[in-house]
Amino acid sequence: MASGAAEKGKALADGSESAAESAARRAREWTTWAMKKAKVVAHYGFIPFVILVGMNSEPKPRLAQLLSPI
């Protein structure tokens with residue numbers, strides 16, 4: 001890990017990064033950022049999504065019926 005960080009810092013300091021390398025680095029950074037945000041959305045949005053789907057199904061259950069385990 002430390003050598004990767006040193007290489008990354010060296011490449012940025014040299015300014016010898018090509019356009020393709022720069023685009024690939026930006027794509028990796030954007031992908032990492034997007035996956036982190038998607039993880040948070042999935043974590044906090046799953047239960048409300050299940051309740052929403054349950055409330056729109058037939059027969060129409062009451063909220064207490066959806067939230068109770070039995």
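Just so you know, these numbers come straight off a predicted model, no measurement behind them.
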query = Is the count of non-hydrogen atoms from other residues, nucleotides or ligands lying under 6.0 Å from K37 atom NZ greater than 12?
reply =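 No - once you tally the heavy atoms of other residues, nucleotides and ligands closer than 6.0 Å, there are 12 at most.
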inquiry  = Could you work out, with side-chain contact (heavy atoms from CB on, under 4.5 Å) as the rule, every residue matching L52, not counting sequence neighbours?
reply    =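 With sequence neighbours excluded, L52 shows a side-chain contact (heavy atoms from CB on, under 4.5 Å) to N56, given in chain and number order.
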query = Where do P59 and P61 come nearest, in terms of heavy atoms and distance?
reply =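 Closest approach of P59 to P61: O-CD, 2.9 Å.
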ask   = Taking all non-hydrogen atoms of both residues, which atom of G54 and which atom of S57 are closest, and how far apart?
value =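 Residues G54 and S57, closest heavy atoms: O-OG, 2.8 Å.
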ask   = Does the side chain of E29 come within less than 4.5 Å of R25's, by heavy atoms?
value =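 With C-beta onward as the side chain, the pair touches.
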V53-V41 co-clustered via ILVMFWY side chain contacts under 4.5 Å =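 Shared cluster, no.
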ask   = In the single-linkage hydrophobic clustering (I, L, V, M, F, W, Y; side-chain heavy atoms under 4.5 Å), do M35 and Y44 co-cluster?
value =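 No, it is not one cluster - the side chains of M35 and Y44 are not joined through contacts under 4.5 Å.
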key: Any side-chain donor near an acceptor of the partner, S22 and R26, under 3.5 Å   =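 Checked: S22/R26 side chains pair up, N/O donor to acceptor below 3.5 Å.
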